[in-house]
Amino acid sequence: DNLKALLRPVSMMVPDAALICEIMLFSEGFIGAKALAHKISTLYQLAIQQLSKQDHYDFGLRAIKSVLVTAGALKRNDPTQNEDVILLRAVKDMNLPKLVSDDSKLFLSLLLDLFPGVESPVPNYGALEKAIVDELQAQGLQNHPY
């Protein structure tokens with residue numbers, strides 16, 4: 001009873017991911033931030049629900065913030081590029097490497113549903129890719145396209 005008198009009750013709420021995404025996208029310079037924020041928050045909600053439960057998966061606000069900061073950097077590098085393409089590339093670059101193979105197929109289908117008709121360009125790694133292939137050949141290893 002004495003302990004209750006010293007502590008105040010605290011209530012917590014779930015953060016509004018769509019609103020947080022919208023504000024971050026606006027701050028990164030995206031014009032269509034409202035629609036893109038809805039797509040991103042929906043994508044991460046669906047990922048939590050539909051992808052397998054792995055210890056290394058993180059689809060919370062921390063992961064969303066990382067994707068949006070990366071998208072902002074991509075937008076600053078090429079401000080004339082379509083915003084859907086920029087965001088799609090950031091989502092793929094930040095999420096696909098950590099997904100298991102079964103989940104990556106499902107994740108790509110979620111992206112196709114949320115970004116219909118948007119084709120992300122294949123990144124050109126140029127000198128880095130050539131150096132990797134040369135080193136693989138020098139070591140007598142096979143080059144396997146991912």
Side-chain angles (χ1 to χ4, degrees), residues 1-133 135-136 142-146:
D1 221 15
N2 291 337
L3 188 57
K4 280 187 179 179
L6 295 174
L7 301 175
R8 291 187 212 147
V10 176
S11 64
M12 308 268 302
M13 5 185 311
V14 176
D16 186 0
L19 183 61
I20 294 169
C21 288
E22 182 179 349
I23 292 167
M24 285 197 64
L25 285 169
F26 271 127
S27 70
E28 294 287 354
F30 285 81
I31 305 300
K34 191 168 190 82
L36 294 173
H38 180 68
K39 288 181 180 184
I40 288 295
S41 62
T42 302
L43 173 68
Y44 277 85
Q45 287 172 357
L46 290 172
I48 289 169
Q49 294 170 0
Q50 294 183 10
L51 299 182
S52 66
K53 307 298 180 228
Q54 302 286 329
D55 289 337
H56 63 279
Y57 285 180
D58 178 19
F59 297 114
L61 284 176
R62 183 180 323 154
I64 292 173
K65 182 181 183 308
S66 297
V67 167
L68 297 180
V69 168
T70 302
L74 291 172
K75 177 132 178 98
R76 284 188 294 280
N77 286 340
D78 188 5
T80 60
Q81 192 173 26
N82 184 354
E83 292 181 347
D84 284 338
V85 172
I86 291 172
L87 194 58
L88 183 62
R89 180 173 171 205
V91 168
K92 281 184 175 181
D93 288 350
M94 298 295 290
N95 289 296
L96 282 180
K98 65 183 170 186
L99 298 177
V100 296
S101 62
D102 292 338
D103 285 342
S104 64
K105 294 172 189 166
L106 180 57
F107 189 77
L108 288 173
S109 69
L110 290 174
L111 287 176
L112 285 174
D113 290 342
L114 289 171
F115 294 92
V118 178
E119 290 288 327
S120 62
V122 177
N124 181 9
Y125 296 114
L128 174 65
E129 191 170 7
K130 183 180 180 331
I132 292 171
V133 170
E135 185 61 28
L136 286 173
Q142 292 179 347
N143 181 20
H144 185 274
Y146 182 73

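- Between the side chains of D78 and T80, a donor-acceptor pair is found at a separation under 3.5 Å.
- Residues E83 and L25 fail the side-chain proximity criterion, which asks for heavy atoms closer than 4.5 Å.
- Contact check for Y44 versus L110: no side-chain heavy atoms found under the 4.5 Å cut-off.
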Run the side-chain contact (heavy atoms from CB on, under 4.5 Å) check on S52 and D102 step by step: do they pass? CA-CA 9 Å; S52 66; D102 292 338; over 6 Å; no
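- Taking a 6.0 Å sphere around NZ of K98, one finds it holds more than 12 heavy atoms contributed by other residues, nucleotides or ligands.
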Which pairs of donor and acceptor atoms, one on a side chain in residues 6-13, lie under 3.5 Å apart (sequence neighbours left out)?
none

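- Shown here for C21 and L68, the closest heavy-atom pair between the two residues is CA-CD1, 3.7 Å.
- In this structure, D93 CG and S66 OG are separated by 13.0 Å, a value rounded to the nearest 0.5 Å.
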Stepwise side-chain contact (heavy atoms from CB on, under 4.5 Å) test for L111 and V91: CA-CA 9 Å; L111 287 176; V91 168; 3.7 Å; yes
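- Nearest heavy atom pair, residue Y57 against residue D103, reads OH-OD2, 2.7 Å.
- T42 OG1 to D113 CG: the interatomic distance, rounded to the nearest 0.5 Å, is 11.5 Å.
- The minimum heavy-atom distance linking F59 with L51 is given by the pair CZ-CD1, 3.6 Å.
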Acceptor/donor pairs from residues 26-38 side chains to any protein atom, 3.5 angstrom cut, sequence neighbours excluded:
from	atom 1	to	atom 2	distance (Å)
S27	OG	I23	O	3.4
S27	OG	M24	O	2.7
E28	OE1	R76	NH1	2.7

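- When side chains are defined from C-beta on, K92 counts as touching L108, because their heavy atoms get closer than 4.5 Å.
- Scanning both residues, A71 and L87, for their nearest heavy atoms gives CB-CD1, 3.8 Å.
- Between I48 and K53, the shortest heavy-atom distance links the atoms O-NZ, 2.7 Å.
- For the atom pair NZ of K65 and CE of M94, the computed distance is 10.5 Å after rounding to the nearest 0.5 Å.
- Proximity of I20 to I64: side-chain heavy atoms (C-beta onward) are nowhere separated by under 4.5 Å.
- Distance check, rounded to the nearest 0.5 Å: OG of S41 to CG of L46 gives 9.5 Å.
- Going from atom NZ of K39 over to atom CG of L114 covers 7.5 Å, rounded to the nearest 0.5 Å.
- Atom CD of E119 is separated from atom CG of L88 by 8.5 Å, given to the nearest 0.5 angstrom.
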